[in-house]
Amino acid sequence: MFDMIREMLSFDFIIKALVVGILVSLCAALLGVSLVLKRYSMIGDGLSHVGFGTLAIAVSLGLAPLQVSIPLLLLAAFLLLRISESSRIKGDAAIALISSSSLAAGVVVLAMTVGMNTDVCNYLFGTILAMKNSDVYLSVSLASVILVLFALFYNKIFSVTFDEGFARATGTNAKLYNMLIAFMTALVIVVGMRIMGAMLISSLIIFPALTAMRVLKSFRQVIICSAILSVCCFFAGILISFAFDTPAGASVVLVNLVAFLVFAAIAQAGKLVVVKEVK
Amino acid sequence: MATLIECDSLSYRYEQSSVWAVKDVSFTVDEGDYICVVGENGSGKSTLIRMVIGLIKPMGGGIAFKGIGHNEIGYLPQQAPVQSDFPASVMEVVLTGRLNKKGFLPFLGKSDAMAAEANLERLGALGLRRRAYRELSGGQRQRVLLARALCASEKLLVLDEPVTGLDPLAQSEMYRIIRELNEGGLTVLMVSHDVAGAVRAAGRILHMDTEALFFGNTDRYLLSEPGRGFLSGVAPRDIPPGAPHGADADITKDAHPKREGTSDV
């Protein structure tokens with residue numbers, strides 16, 4: 001096992017993927033708790049599909065994918081948040097429309113320009129080989145900014161997540177923090193999309209939060225646990241991908257699924273014990 | 001008595017609605033007041049309160065804050081069904097009440113934790129501080145949220161339907177707690193369905209039916225037409241002998257149907 005880790009770490013591209021991936025997992029897990037609790041999971045999903053569209057456009061125009069995707073995705077985050085705030089049920093449907101349309105547009109653009117090749121598959125399901133040095137620098141700095149912002153606004157983010165009405169009544173600019181959460185999510189998705197793939201990146205946001213919430217009861221515990229889980233699952237996923245030659249993104253998602261099932265089982269077992277004690 | 005908030009002919013109409021939810025409502029909140037806003041469902045009570053605490057902007061009229069800041073309002077929202085899986089400890093919830101005092105400072109300190117615990121203790125809920133909020137009963141949750149509101153303000157509490165959905169024992173507990181807070185110097189502005197409880201508790205009544213049908217002391221409300229109409233089901237012994245005194249500027253209107261001609265005030 002340790003030999004395998006050592007062997008894996010001797011590859012430069014894996015180191016890059018690990019550095020970026022671990023930072024992305026960390027950010028995604030932190031934001032994910034708030035997104036899941038605010039019922040904003042759809043925004044993450046919508047953003048990743050829009051991200052695929054922007055990536056396709058950038059590639060077909062021969063532009064740098066990250067630099068094109070970031071501003072477009074920030075714009076999309078702004079729009080998606082407005083839509084989901086305006087009305088809940090219609091908002092869901094509108095986000096689904098936007099996601100599938102941008103996915104379709106991306107596929108059409110790619111088919112017309114570079115053709116449907118393995119690259120397209122890589123955009124959809126991720127590749128561990130995607131990270132260039134410049135991408136790594138940009139990703140690391142964006143992730144650091146997100147971590148600092150999250151730490152600074154942790155209390156406000158909790159307040160807005162728990163009870164937006166109270167937060168606003170006591171002078172917190174809830175709209176600003178909602179926007180901040182959406183923008184940070186957009187950045188996480190842009191950065192993580194190349195490794196995890198447009199189809200799979202939103203699971204990185206949703207899984208760790210849901211898993212941690214099975215057993216833990218305070219916001220802080222859930223945040224910390226989901227961050228640790230996310231990083232561990234990412235590392236384990238990459239290791240499995242290296243050992244069994246499976247796709248990296250999909251392996252990470254499956255490890256997350258296993259973690260979720262384990263935590264859900266623990267929660268169920270805990271309930272049974274409590275019921276027995278009561279009896 | 002110093003005035004805290006002066007509301008001048010507030011009006012609000014929801015999007016896609018052709019009728020006013022609140023129309024031309026004027027009232028003042030003075031220091032030490034215990035005001036109860038009563039009215040039937042859809043009479044605009046909650047809309048009015050949402051304007052006062054700044055959740056929605058009035059479409060007509062204005063609100064003047066005197067001797068109190070916009071963010072110095074301790075707000076107890078209408079009970080919403082809590083997401084059954086929301087992870088939050090009682091302390092985490094109560095501490096959010098301290099954030100308005102922090103401004104741009106990002107972190108909470110020891111003094112905040114002490115203030116939160118003091119407010120929990122004041123409400124007899126200190127024992128809950130390590131519990132998970134989602135595991136509490138309705139009455140316990142109300143106490144925790146009230147402690148949060150107390151953290152946010154030492155001056156004014158705005159309570160939206162604080163007793164709705166509580167069992168009778170928890171209801172009378174809640175009324176007792178609110179009365180004690182008011183006697184301790186806090187100004188209380190409360191919205192309630194429970195008119196009988198409201199006239200027993202409050203010093204002044206604002207009776208809403210889109211417009212303000214009555215605003216003034218509780219004893220005068222009991223004799224007024226809207227008051228008698230609304231309270232016809234309440235036994236006389238429930239009526240308090242002498243209600244606390246408030247301002248004398250009572251607006252007493254006839255309880256005529258509101259859509260039958262708009263009276264400009």
Side-chain angles (χ1 to χ4, degrees), chain A residues 32-41 85-87 90 148-177 180 208-226 263-264 267 270-271 274, chain B residues 15-16 46 49-56 69-80 82-109 112 129-136 145 148-149 151-153 156-158 160:
Chain A
V33 176
S34 207
L35 288 169
V36 167
L37 290 171
K38 284 179 85 70
R39 304 283 185 254
Y40 279 176
S41 316
E85 274 177 350
S86 61
S87 77
K90 279 187 217 154
V148 169
L149 284 177
F150 190 87
L152 283 179
F153 296 119
Y154 168 81
N155 286 312
K156 300 266 167 123
I157 289 174
F158 171 68
S159 176
V160 169
T161 307
F162 181 74
D163 187 345
E164 201 171 313
F166 178 83
R168 284 174 60 195
T170 49
T172 300
N173 189 343
K175 284 198 171 144
L176 180 77
Y177 290 102
L180 185 72
L210 279 181
T211 306
M213 274 158 52
R214 287 312 99 199
V215 284
L216 296 170
K217 287 168 185 172
S218 89
F219 193 74
R220 181 175 303 231
Q221 288 168 348
V222 166
I223 288 274
I224 292 171
C225 174
S226 113
F263 272 61
K271 267 182 209 159
V274 171
Chain B
E15 266 178 72
Q16 298 153 350
S46 283
I49 290 302
R50 285 160 65 83
M51 281 192 273
V52 172
I53 60 173
L55 292 184
I56 50 178
H70 288 263
N71 61 355
E72 278 186 290
I73 299 176
Y75 172 51
L76 181 72
Q78 223 173 87
Q79 285 190 75
V82 187
Q83 301 177 23
S84 60
D85 55 352
F86 200 109
S89 71
V90 165
M91 271 303 266
E92 283 179 319
V93 172
V94 177
L95 277 170
T96 60
R98 295 284 296 180
L99 287 173
N100 63 343
K101 296 192 170 59
K102 293 274 140 184
F104 288 106
L105 290 176
F107 303 116
L108 295 163
D112 300 303
R129 72 184 183 284
R130 293 192 201 292
R131 296 273 300 277
Y133 180 76
R134 63 187 179 194
E135 290 170 352
L136 303 182
L145 295 184
R148 175 181 72 167
C151 279
S153 178
L156 173 64
L157 280 181
V158 175
D160 197 350

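In the text below, chain A, chain B and the rest are named by the order of the sequence lines, each starting its count at 1. Just so you know, these numbers come straight off a predicted model, no measurement behind them.
Neither the backbone nor the side chain of Arg98(B) comes within less than 4.5 Å of any heavy atom of chain A. Only the side chain of Glu135(B) comes within contact range of chain A, with heavy atoms under 4.5 Å apart. Residue contact with chain A, scored on non-hydrogen atoms closer than 4.5 Å, is absent for Val90(B). Both the backbone and the side chain of Leu152(A) come within contact range of chain B, each with at least one heavy atom under 4.5 Å from a heavy atom of that chain. Looking at Ala174(A), there are no atoms closer than 4.5 Å to chain B (heavy atoms on both sides), in backbone or side chain.
Using a 4.5 Å cut-off on side-chain heavy atoms (C-beta onward), Phe219(A) and Leu37(A) make contact. Looking only at side-chain heavy atoms (C-beta outward), Lys156(A) and Leu176(A) stay at 4.5 Å or farther from each other.
The two residues Met213(A) and Pro87(B) have their closest heavy-atom pair at CG-CG, 3.8 Å. Residues Arg214(A) and Phe263(A) approach most closely at CB-O, 3.8 Å, considering heavy atoms.
Of the listed residues (Val33(A), Thr172(A), Asn155(A)), the one with the most heavy-atom contacts under 4.5 Å to chain B is Asn155(A). Across Leu55(B), Leu99(B), Leu145(B), the residue that shares the most heavy-atom pairs under 4.5 angstrom with chain A is Leu55(B). Ranked by non-hydrogen atom pairs under 4.5 Å with chain B, the options Phe153(A), Tyr154(A), Phe158(A) are led by Phe158(A).
Partner of Ile73(B) under the side chain to side chain contact (heavy atoms under 4.5 Å, CB included) criterion, out of Ile53(B), Asn100(B), Leu157(B): Ile53(B) alone.
Checked against the 6.0 Å centroid threshold, Tyr133(B) and Phe162(A) count as a close aromatic pair.
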